[in-house]
Amino acid sequence: MKYWLFKSEESVFNICDLLKSPKKTTCWEGVRNYQARNFLRDEIEKGDMVFFYHSNCETPGIAGTAVVTKEGYPDSYAWNDRSNYFDVKSNYKKPIWYMVDIRLKRKFKNIIPLSELRKQTKLKDMKILQKGSRLSVTPVAKEEWSFILTLKR
DNA sequence: GCCAACGTTGGC
DNA sequence: GCCAACGTTGGC
């Protein structure tokens, strides 16, 4: 089992939206970056654990955890021309983009703010904390995962 | 294949 | 709103 961090713009899809989703489950559509796509398509497995991260908001940080319930499959939003995630180059015969399904595991009482993560020496190598890091899907080390859980309040 | 220009991300 | 960092595009 592996660990991941998924970023979502809080105003677009946040952890309360996930909580309210049917079976607290959603497909993680709209990733349009090749490196992140490769993680979704090739590496993320059913049962992997996910930190749900809020970006682009007043307090960016980790809002909770989720579990992968379905492994990588073609992102059909890419061939829906009414979707924001439409990509003319992708089609169902030759899909470019992939998504997984996740189910909410736990919504933290308090968000673990990015500023708090930055203070932790043990997390200095975390992908999300690297300068200029923009990848929306990043691997999390097992040690990072368990350490971050101790930061909850 | 190089690289400048451009659009996007996302913290602050 | 600003702007640094990044990924993509496209001319050459």
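Excluded from the calculations below are hydrogen atoms, water molecules and symmetry mates; all remaining heavy atoms, backbone and side chain alike, are included.
- Shown here are the salt bridge (Lys or Arg N to Asp or Glu O under 4.0 Å) partners of D101(A), two or more places apart in sequence or in another chain: there are none.
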Table please: side-chain donor-acceptor pairs of residues 140-153 of chain A below 3.5 Å, with sequence neighbours left out.
residue : atom : partner : partner atom : Å
E144(A) : OE1  : A141(A) : N            : 2.9
S146(A) : OG   : K142(A) : O            : 2.8
T150(A) : OG1  : F147(A) : O            : 2.5

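- Side-chain atoms of S90(A) come within 3.5 Å of backbone N or O of I96(A) as a donor-acceptor pair.
- The ring of F86(A) has its center no closer than 6.0 angstrom to the ring center of W79(A).
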Atom pairs under 3.5 Å: protein N/O with N/O of nucleotides 8-11 of chain C:
none

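- When every heavy atom of Y73(A) is checked against every heavy atom of C27(A), the shortest pair comes out as OH-CB, 3.4 Å.
- Relative orientation of the W28(A) and F6(A) rings is tilted, given thresholds of 30° and 60° on the angle between their planes.
- Within 6.0 Å of NZ on K127(A) lie no more than 12 heavy atoms contributed by other residues, nucleotides or ligands.
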Derivation and outcome, side chain to side chain contact (heavy atoms under 4.5 Å, CB included), residues K7(A) and I128(A) | CA-CA 9 Å; K7(A) 269 196 253 189; I128(A) 195 89; 3.5 Å; yes

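- Across its full length, the helix from dG1(B)-dC12(C) to dC12(B)-dG1(C) shows an angle of 10° between the axes of its 5 terminal pairs at either end, rounded to 10 degrees.
- Of the residues in residues 114-135 of chain A, those lying under 4.0 Å from DNA chain C by heavy-atom distance are K131(A), G132(A), R134(A).
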Show your working on side chain to side chain contact (heavy atoms under 4.5 Å, CB included) between K2(A) and E43(A) and close with a plain yes or no.
-> CA-CA 9 Å; K2(A) 285 182 258 176; E43(A) 296 205 35; 3.8 Å; yes

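- Legend: residues meeting salt bridge (Lys or Arg N to Asp or Glu O under 4.0 Å) with R32(A), ordered by chain and number and at least two apart, are D75(A).
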